[in-house]
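Heads up, the thing below is written out as structure tokens.
In listed order, ligands and their atoms are each counted from 1.
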Amino acid sequence: MDVKAAQRLQLSAVVQPERFGRRPPFSTCRLGVSREPQSLRVFVSPMMMRRRTTALEVSSSYDNISASILESGSVHAPLDEELILKNRSQETQPYLNGRCIYLVGMMGSGKTTVGKIMSQVLGYSFCDSDALVEEEVGGNSVADIFEQHGETFFRNKETEVLHKLSLLHRLVISTGGGAVMRPINWKYMHKGVSVWLDVPVEALAQRIAAVGTNSRPLLNYEAGDPYTRAFMRLSAIFEERGEAYANANARVSLKKIAIKLSKRDVSELSPTDIAIEALEQIDNFLKGEGGGYAEC
Ligand code: S3P
């Protein structure tokens, strides 16, 4: 965010990765809000994360990428992928002009893992809107917030967080899967560029079944084995939300990336493959702005 705008908005601290010398792997943000008479102070403070030591590791095979890699956040990108990613981000960056990127998509679609890679390569900071809501509610987990205060309370907090984020620049934001359902949230997200990570429900169910549904209150109701439970519930949720996700400026369809890269299945795609495609779709959108939907 530029200094004048920050002053206008009274942003007391903004993460600027360039300030740390060499570009850090990624930095996450904390939203701080202090209410003073007549003013609302919004600030983002840096939480530097451990260097991604695997950044230039050469992986000999894609075959070991498990269904849950996007959930685990473990990333091993081969050197050629890293170079493509870097070139791609260098092309996109001038068109972005500091605008935030909002990743939208279903639970388990990899918004956080892909978002961290994108923030790193763009020199942006990374924000997870669920984590910011948790912070605002005194550190309670999303599951606890749902249990203690109900979904509407969570959704109101989510909207507040998106509002505050919409005042900032140079962030990649992973949004909660349901954020797309409120038109007011779109008003905030359209301040930046929004990207839908479109992952087939079967793949989502596999990933979520692998890590469990405890942290995802909306998936805890169904009976049956973890995969079937996740699949049934996610299918119903996607039915309700499909159209809302399509409001995004760009769509990244994992099915289409898999075809393009001649993979048998979307589970063979690496988070870096997806980040590269996301940047390409953002680029298409920005170059043709006003010209409609950029789709993979
Ligand atoms: C939700 C998704 C979750 C979290 C909450 C509700 C949803 O975020 O916001 O459990 O309604 O789809 P993730 O998409 O990051 O899992």
Side-chain angles (χ1 to χ4, degrees), residues 28-29 31 67-73 101-119 126-137 139-165 171-186 188-189 194-201 203-222 226 229-248 252 254 271 274 278:
T28 55
C29 67
L31 256 190
S68 63
I69 190 167
L70 285 170
E71 281 294 286
S72 70
I101 296 173
Y102 292 85
L103 296 179
V104 302
M106 292 280 285
M107 287 172 259
S109 58
K111 291 165 290 190
T112 299
T113 307
V114 173
K116 284 177 181 172
I117 294 173
M118 292 172 72
S119 68
F126 174 78
C127 279
D128 179 325
S129 70
D130 281 347
L132 294 173
V133 170
E134 287 173 346
E135 225 172 75
E136 295 238 341
V137 188
N140 288 357
S141 68
V142 169
D144 287 344
I145 298 170
F146 267 67
E147 200 180 312
Q148 288 168 21
H149 304 281
E151 183 171 352
T152 305
F153 176 89
F154 172 82
R155 297 294 172 204
N156 291 340
K157 288 283 167 200
E158 182 171 61
T159 298
E160 276 176 33
V161 160
L162 290 171
H163 179 208
K164 288 170 195 163
L165 290 172
L171 300 173
V172 175
I173 298 150
S174 164
T175 64
V180 294
M181 295 305 279
R182 283 193 172 181
I184 183 78
N185 293 346
W186 278 109
Y188 301 135
M189 294 195 284
S194 49
V195 182
W196 172 23
L197 298 189
D198 179 13
V199 180
V201 174
L204 295 173
Q206 268 169 25
R207 289 175 191 170
I208 286 176
V211 295
T213 55
N214 287 351
S215 65
R216 293 189 161 104
L218 292 181
L219 297 180
N220 269 338
Y221 305 116
E222 307 281 335
R229 229 168 51 192
F231 180 80
M232 300 297 282
R233 189 73 185 115
L234 287 166
S235 302
I237 293 174
F238 184 69
E239 191 69 25
E240 284 169 26
R241 293 185 183 165
E243 269 180 38
Y245 289 126
N247 280 324
V252 173
L254 267 65
I274 300 164

Between Thr175 and Ser129, is the side-chain hydrogen bond (donor to acceptor under 3.5 Å, both in side chains) condition met? List the steps.
CA-CA 5 Å; Thr175 64; Ser129 70; 5.4 Å; no
Given the rule in the side chain to side chain contact (heavy atoms under 4.5 Å, CB included) test, do Phe231 and Val201 qualify, once you have shown the distances and angles that lead to the verdict?
CA-CA 7 Å; Phe231 180 80; Val201 174; 3.8 Å; yes
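To the nearest 0.5 Å, the span separating CD on Glu135 from CG on Asp128 amounts to 10.5 Å.
Here Glu136 pairs with Lys164 in a salt bridge; the nearest charged N to carboxylate O distance falls below 4.0 Å.
Within 4.0 Å of ligand 1, counting heavy atoms only, the contacting residues are Met107, Lys111, Asp130, Val142, Phe154, Arg155, Gly176, Gly177, Gly178, Arg216, Pro217, Leu218, Arg241.
Taking every heavy atom of both residues into account, Leu234 and Met106 meet most closely at O-CE, 3.4 Å. Nearest approach of Val195 to Val252, heavy atoms of both residues: CG1-CG2, 3.7 Å.
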